[in-house]
Amino acid sequence: MEMHLYNTDGRESQVFKPIQEGKAGLYCCGPTVYNYAHIGNMRPYTIQDVLKRALTYFGYDVTHVMNITDVGHLTDDGDEGEDKMIKAAREKGMSVWDIARFFEDAFWKDLERLNISRPTVSCRATDHIEDMIGMVKTLEEKGYTYISGGNVYFDTSKFPEYGKMALLDRQELKEGARVGVDDNKRNYSDFVLWFTNSKFENQAMVWDSPWGKGYPGWHIECSAMSTKYLGKQFDIHCGGIDHVPIHHTNEIAQSEAANGCRWVNYWVHNEFLLMKTGKMSKSKGNFLTVQSLVDEGYDALDYRYLLLGGHYRSQLVFSWESLDAARSARESLVRKVKALLQEGEADRELGDKAQAYMNAFEEHLADDLNTPRCLADMWSLLKDKELSSSQKLALLFRMDSLLGLNLEESAGAEEETAELDGDVEALIDERNQARKEKNFARSDEIRDELLARGIRIVDTPQGTTWEKV
RNA sequence: GGCGCCGUACCCAAGCGGCUAAGGGAGUGGAUUGCAAAUCCAUGAUUCAGCGGUUCGAGUCCGCUCGGCGCCUCCA
């Protein structure tokens with residue numbers, strides 16, 4: 001199956017053609033670990049996970065690389081502002097190194113809860129300082145840099161295609177409109193490759209370099225690490241749409257200047273998750289974390305379902321109402337799987353009819369990851385009266401291996417924990433006895449009591465069972 | 001000021017020129033139940049913000065108007 005991806009570079013949907021037959025190199029910008037990731041941050045990782053599953057399913061051997069930015073970055077542009085890592089360290093009374101590990105661990109935990117598979121390679125910026133220095137040296141040798149105010153800058157005027165992907169040439173940027181202008185720059189769009197003139201206190205993260213003690217610029221890490229693990233040219237680069245004009249633009253300039261060739265073939269950018277009050281961001285304080293959703297009683301997978309319910313290139317406004325809707329839908333799917341499972345196991349092979357469903361699903365998935373249609377496909381197969389339960393299960397599990405809602409595991413998980421509480425069984429027996437004696441006051445009392453303990457009674461013609469709420 | 005996106009039923013949301021406008025949630029009616037829950041069945045836009053235009057044909061293309069959002073700053 002051919003995959004179609006919307007390529008920001010060219011602004012059109014294109015057929016994915018790998019550089020190397022049967023392989024796909026995928027680089028995704030990872031988190032800066034100075035704070036908890038918020039649920040908006042999790043949107044790209046979720047869609048990238050689906051992309052990776054899809055590529056793998058369609059027969060590509062995927063190498064997925066993600067960086068962990070554990071080097072301090074500024075809270076503002078230029079030389080202003082405070083280093084995020086240092087700020088966090090001061091506030092938490094921890095070293096910057098500990099801060100980085102702490103939030104990196106929290107990040108992996110969030111990914112796990114969202115059923116996002118780990119990248120093939122995850123690389124910390126602090127472990128790759130030499131690679132970055134090497135790339136800056138190459139750029140210097142090729143004449144793309146200048147030193148000013150102690151920092152090494154990339155001279156964007158030396159790179160004629162600067163801003164091509166972002167279509168920057170069409171825009172009249174309002175220079176200095178909201179940020180002070182860095183007088184050390186020759187051109188507005190120039191950016192720092194290596195800092196040596198830091199004014200920060202507590203510079204724990206400093207490395208020796210040909211230009212003096214300092215630390216790398218904001219954009220060089222992705223270029224250096226992606227080149228190291230995926231080569232000078234690779235297939236797909238993912239990230240948030242906000243990265244288009246600055247971060248990815250600078251990455252392209254650096255990488256293509258240093259490597260002397262085209263760098264990335266497909267740029268896949270996800271749109272933002274918004275709050276009703278506007279963009280979700282740490283600085284605005286209007287953000288939620290996966291943990292805060294869990295604290296409110298949601299399953300992290302409810303949020304995954306919510307994300308899958310909209311297309312990744314559309315803005316999505318988060319609301320508790322839509323999360324409720326996603327939870328209802330997801331729980332319903334899990335219940336249906338559970339019911340089907342009681343009728344038997346999933347077939348190993350898909351029959352003709354089931355295959356038609358799978359084909360449609362694959363087509364929608366391959367159509368620039370149209371996950372809303374994929375979910376609709378799941379629902380429509382469930383309604384099919386001519387399809388056997390075992391075929392339905394086979395389809396659902398196959399589809400879910402691409403969407404990652406963990407339906408099979410969720411349907412089974414309740415059974416296991418169910419066995420643990422012995423007195424739950426006793427209460428149910430007591431309730432059934434009460435019902436037999438038409439003592440409904442007592443039976444309803446027990447039902448309420450169990451519900452308070454997170455257990456919902458389900459009366460069926462075959463008898464009484466229960467499930468976790 | 002410049003660039004870009006969006007406006008589809010009560011809510012979320014597909015749709016990218018052509019069969020009866022996906023799907024989910026909520027609601028309503030019915031079956032089932034001691035009552036619930038769950039489940040099953042049924043039910044929803046002559047219409048896609050508005051107005052013009054192109055076309056045999058437009059939610060889908062073009063223009064304008066109104067409304068919302070994002071970017072131009074580190075940001076997912």
Side-chain angles (χ1 to χ4, degrees), chain A residues 11 13 28-32 34 37-48 69 73-78 80-84 166-180 188 218 238-247 269-274 278-284 305-306 308-319 321-333 335-336 338-339 364 367-368 370-380 383 434-436 438-441 443-444 447-448 451 456-461 465-467 469:
Chain A
R11 314 275 161 145
S13 183
C28 302
C29 288
T32 302
Y34 68 99
H38 59 61
I39 58 173
N41 292 319
M42 304 318 281
R43 190 177 193 190
Y45 306 123
T46 305
I47 195 66
Q48 286 154 18
T69 300
H73 284 336
L74 307 185
T75 51
D76 283 307
D77 189 26
E80 310 293 318
E82 193 174 12
D83 182 290
K84 288 174 178 173
L167 307 177
L168 292 186
D169 55 333
R170 298 192 187 171
Q171 313 191 16
E172 285 177 34
L173 303 185
K174 215 172 184 180
E175 178 170 357
R178 299 176 65 188
V179 173
Y188 173 62
W218 315 325
C238 299
I241 194 159
D242 54 310
H243 282 322
V244 173
I246 306 285
H247 183 53
H269 292 105
N270 63 279
E271 255 294 353
F272 268 71
L273 179 80
L274 307 172
K279 198 172 94 174
M280 179 178 291
S281 73
K282 286 159 195 162
S283 55
K284 286 180 78 173
Y305 188 99
L306 173 66
L308 262 29
H311 192 265
Y312 77 92
R313 283 193 291 111
S314 296
Q315 292 179 342
L316 182 64
V317 179
F318 177 86
S319 69
E321 294 74 31
S322 53
L323 186 60
D324 283 341
R327 168 163 65 183
S328 296
R330 194 200 121 259
E331 287 182 344
S332 177
L333 278 180
R335 264 199 268 14
K336 286 177 199 301
K338 208 171 157 185
H364 294 143
D367 179 19
D368 196 29
N370 192 339
T371 53
R373 285 301 292 270
C374 290
L375 287 173
D377 291 335
M378 255 188 181
W379 287 101
S380 67
K383 286 185 192 152
R435 289 176 71 210
K436 236 183 218 170
K438 308 263 186 224
N439 183 358
F440 297 123
S443 76
D444 289 352
R447 183 165 66 194
D448 291 344
L451 192 61
R456 180 159 50 216
I457 290 294
V458 182
D459 292 328
T460 71
T465 60
W466 58 277
E467 60 186 27
V469 179

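Labels below follow one simple rule: chain letters A, B, ... track the order of the sequence lines, proteins then strands, and each chain is numbered from 1. Values in this document were obtained by computation on a predicted structure and should not be read as measured data. No hydrogens, no waters, no symmetry mates; every other heavy atom, side chains included, goes into these values.
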Subject >> Under 3.5 Å donor-acceptor pair, A:D459 side-chain atoms to B:A36 base atoms >> reply: yes
**OP:** Ignoring hydrogens and angles, answer whether the base of B:A36 and the side-chain atoms of A:R447 contain a donor-acceptor pair closer than 3.5 Å.
**Re:** yes
Selection from [options] that lies nearest to any side-chain heavy atom of [X]:
{"X": "A:R456", "options": "B:G34, B:A37, B:A76", "value": "B:A37"}
{"X": "A:N41", "options": "B:A13, B:G24, B:A76", "value": "B:A76"}
{"X": "A:H243", "options": "B:C74, B:A76, B:G25", "value": "B:A76"}
{"X": "A:S443", "options": "B:A37, B:G34, B:C71", "value": "B:G34"}
{"X": "A:N370", "options": "B:G70, B:G25, B:G15", "value": "B:G15"}
{"X": "A:P372", "options": "B:A22, B:G25, B:G70", "value": "B:A22"}
{"X": "A:D242", "options": "B:G24, B:A76, B:G70", "value": "B:A76"}
{"X": "A:S328", "options": "B:A76, B:A14, B:A26", "value": "B:A26"}
{"X": "A:K279", "options": "B:A13, B:C75, B:A37", "value": "B:C75"}
{"X": "A:N270", "options": "B:A76, B:U39, B:G25", "value": "B:A76"}

[atom1] spacing across the pair [N] / [M], given as an integer number of angstrom:
{"N": "B:C75", "M": "B:A37", "atom1": "C1'", "value": "45 Å"}
{"N": "B:C51", "M": "B:U60", "atom1": "P", "value": "12 Å"}
{"N": "B:G34", "M": "B:A22", "atom1": "C1'", "value": "41 Å"}
{"N": "B:G17", "M": "B:C72", "atom1": "C1'", "value": "35 Å"}
{"N": "B:G63", "M": "B:C74", "atom1": "C1'", "value": "39 Å"}
{"N": "B:A45", "M": "B:A9", "atom1": "P", "value": "12 Å"}
{"N": "B:C62", "M": "B:A58", "atom1": "P", "value": "15 Å"}
{"N": "B:G27", "M": "B:U65", "atom1": "P", "value": "42 Å"}

What does [N] pair with, Watson-Crick or G-U, if both distances are under 3.5 Å?
{"N": "B:U20", "answer": "none"}
{"N": "B:C69", "answer": "B:G4"}
{"N": "B:U60", "answer": "none"}
{"N": "B:A14", "answer": "none"}
{"N": "B:A38", "answer": "none"}

Send over the distance from [X] [atom1] to [N] [atom2], rounded to a whole Å.
{"X": "A:E271", "N": "B:C71", "atom1": "CD", "atom2": "P", "result": "9 Å"}
{"X": "A:M378", "N": "B:A22", "atom1": "CE", "atom2": "P", "result": "21 Å"}
{"X": "A:Q315", "N": "B:A14", "atom1": "CD", "atom2": "P", "result": "12 Å"}
{"X": "A:L273", "N": "B:C75", "atom1": "CG", "atom2": "P", "result": "18 Å"}
{"X": "A:W379", "N": "B:C12", "atom1": "CH2", "atom2": "C1'", "result": "14 Å"}
{"X": "A:R11", "N": "B:C5", "atom1": "CZ", "atom2": "C1'", "result": "11 Å"}
{"X": "A:L168", "N": "B:G2", "atom1": "CG", "atom2": "P", "result": "17 Å"}
{"X": "A:H269", "N": "B:A76", "atom1": "NE2", "atom2": "C1'", "result": "10 Å"}

**OP:** Taking all non-hydrogen atoms of both residues into account, name the closest pair between A:V317 and A:S322 and its distance.
**Re:** O-OG, 4.1 Å
With a non-hydrogen cut-off below 4.0 angstrom, is [X] in contact with a base, only sugar-phosphate, or nothing?
{"X": "A:R373", "answer": "base"}
{"X": "A:L306", "answer": "nothing"}
{"X": "A:G40", "answer": "base"}
{"X": "A:K383", "answer": "sugar-phosphate"}

Original post:
When the nearest nucleotide of RNA chain B is assigned to A:G278 and to A:F272 on a heavy-atom basis, which residue is associated with the more 5' position?
Top reply: A:G278
Subject >> Donor-acceptor pair, side chain of A:H243 and main chain of A:H269, under 3.5 angstrom >> reply: no
Original post:
Any ion pair linking A:D459 and A:R435 (charged N to carboxylate O, less than 4.0 Å)?
Top reply: yes
Original post:
So, A:R373 and A:D367, do they make that salt bridge, N to O below 4.0 Å?
Top reply: no
